[in-house]
Amino acid sequence: MSIEIKISESNKAPPIIIGDGKLTPRNIAQWERYANAYFLKAKTPEGEKVSSVLNCFSGLHLLNWIDMNRDKFLADGYTFETFMKSMRACFLDPNWEEIVICEEVSRNMTDDQSFAMWSAGIISGNTLVGPDHRLSVPDLRKHLRMSLSKRLTTKLSSLKKADKDALEAIEDFDEWRREIIMIDEAHRKDLEAAKEFMFQSLGKRPHPDAEHTYSRLPPAHRDPEPAYSHPPRVLHNSRNYNTPASGANAVGYHSDQRGSSSSSSAFLTEVLEEDVATTNILAAFLPSSNTASSFALGNGYDTSQENASGDSLVLDSLSKLLRNLSLPASP
């Protein structure tokens, strides 16, 4: 069973709750909002608000509740605010406000969430609870700032001092939230562009040990030997190379897949050096057994100056930054 709220066009009639489903803090708040919109449109006096909505329920449990308390609801001085408190006390969990705060208001932002969607959920949950539990606007702003994801917190910390001061000087809550949304959206786009660039720059190549697996197949099932315009790179440190030859762990590329060495390394270095959060995200895509540095050795990349090429320069800048940050590699 579900609850449906039927509203009239332009709020010409009070909203109706249809169905015998479970009432929740959200659908009760939604009906209350529509009811107040109707009162405003119809210019309903305070003393007539409750009587004008008593026939707006069709569910059996709500009809029984109305019939049992009709005299109280129609008594002089009984307000619509008191009516809503009585409805919530009858149909919601006794600790419903604490539950809403725990499940909807106190949630921390995660790295994969956008600030716009996450903060909208926090604000929505905060409006569900009563004044005694609701966060004030200054407290709500402080709560949002303290519950940001590590990614966005790092990004805000990397802003120039003048930009930080300008952001904190914004007094209007909505304006402050819009500024954070713009910073977050720009940062998310940068991360997506960096990941896309890395995948395009570091193309696929066969696993160095693939030819050994290949040679163990029966002769009848062997395909013709692949022809390479350049020989595969030699494995320089086989002890560090123990990743499987599939998916992201088979990442590598040939010299015919290179871009410009200067533009590739410069772009990647610029993106990675922007902030640690960007590097953390990209590090998760690097195949490695122990550290990011073993990725370069384990995949046969020679990063020495005498053999530097377009792909090794890109990988060298990436590996060097990750080594300096001492970032652990993903399993």
Report yes or no: does [X] contribute a side-chain atom to a donor-acceptor pair with the main-chain N or O of [Y] at less than 3.5 Å?
| X | Y | value |
| --- | --- | --- |
| E97 | H133 | no |
| D20 | L60 | yes |
| N27 | T24 | yes |
| S149 | M109 | no |

Stepwise side-chain contact (heavy atoms from CB on, under 4.5 Å) test for K22 and F91: CA-CA 8 Å; K22 181 181 179 181; F91 296 105; over 6 Å; no
Less than 4.5 Å apart, any side-chain heavy atom of [X] and any of [Y]?
| X | Y | result |
| --- | --- | --- |
| W176 | D172 | no |
| I17 | I3 | yes |
| L159 | I183 | yes |
| L74 | L54 | yes |
| I123 | L140 | yes |
| V105 | V129 | no |
| I5 | I18 | no |
| M146 | R141 | no |

Tell me the closest heavy-atom pair linking [X] and [Y], and the distance in Å.
| X | Y | result |
| --- | --- | --- |
| P15 | A35 | CG-N, 3.5 Å |
| S52 | C56 | O-SG, 4.0 Å |
| Y38 | A13 | CD1-C, 3.4 Å |
| L128 | P25 | CD2-O, 3.8 Å |
| L23 | L62 | CD1-CD2, 3.8 Å |

Evaluation steps, side-chain contact (heavy atoms from CB on, under 4.5 Å), between K72 and S86: CA-CA 11 Å; K72 180 178 68 174; S86 179; 4.2 Å; yes
Are a donor atom and an acceptor atom from the side chains of [X] and [Y] found within less than 3.5 Å of each other?
| X | Y | answer |
| --- | --- | --- |
| R177 | S119 | yes |
| E48 | S51 | no |
| T79 | T82 | yes |

So, are [X] and [Y] salt-bridged, with charged N and O less than 4.0 Å apart?
| X | Y | answer |
| --- | --- | --- |
| R70 | D67 | yes |
| R26 | E104 | yes |
| K12 | E9 | no |
| E175 | R178 | no |
| D165 | K161 | yes |
| E32 | R88 | yes |

Going hydrophobic residue to hydrophobic residue with side-chain gaps under 4.5 angstrom, can you get from [X] over to [Y]?
| X | Y | value |
| --- | --- | --- |
| F173 | M182 | no |
| F39 | I7 | yes |
| V137 | W118 | yes |
| L135 | I122 | yes |
| L152 | L167 | yes |

For Y78, all residues meeting ring pair (Phe, Tyr, Trp, His ring centres under 6.0 Å), sequence neighbours excluded: F73
Test log, rule salt bridge (Lys or Arg N to Asp or Glu O under 4.0 Å), inputs E192 and K195: CA-CA 5 Å; E192 289 300 322; K195 287 188 288 186; 3.2 Å; yes
Derivation and outcome, side-chain contact (heavy atoms from CB on, under 4.5 Å), residues Q113 and T110: CA-CA 5 Å; Q113 287 181 307; T110 59; 3.1 Å; yes
Ring geometry between F83 and F80 (parallel below 30°, tilted from 30 to 60°, perpendicular above 60°): parallel
Taking atom [atom1] of [X] and atom [atom2] of [Y], what is their separation to the nearest 0.5 Å?
| X | Y | atom1 | atom2 | answer |
| --- | --- | --- | --- | --- |
| K142 | S136 | NZ | OG | 8.5 Å |
| R33 | I28 | CZ | CD1 | 12.5 Å |
| K150 | L148 | NZ | CG | 14.0 Å |

Centroid separation F57 to W31 less than 6.0 Å: yes
Working for side-chain contact (heavy atoms from CB on, under 4.5 Å), residues I180 and L156: CA-CA 9 Å; I180 301 292; L156 295 177; 4.2 Å; yes
[X] atom [atom1], neighbour heavy-atom count above 12 within 6.0 Å:
| X | atom1 | result |
| --- | --- | --- |
| K164 | NZ | yes |
| E98 | CD | yes |
| E171 | CD | no |

D112, D111, D184 screened by side-chain hydrogen bond (donor to acceptor under 3.5 Å, both in side chains) with R151, the one that passes: D184
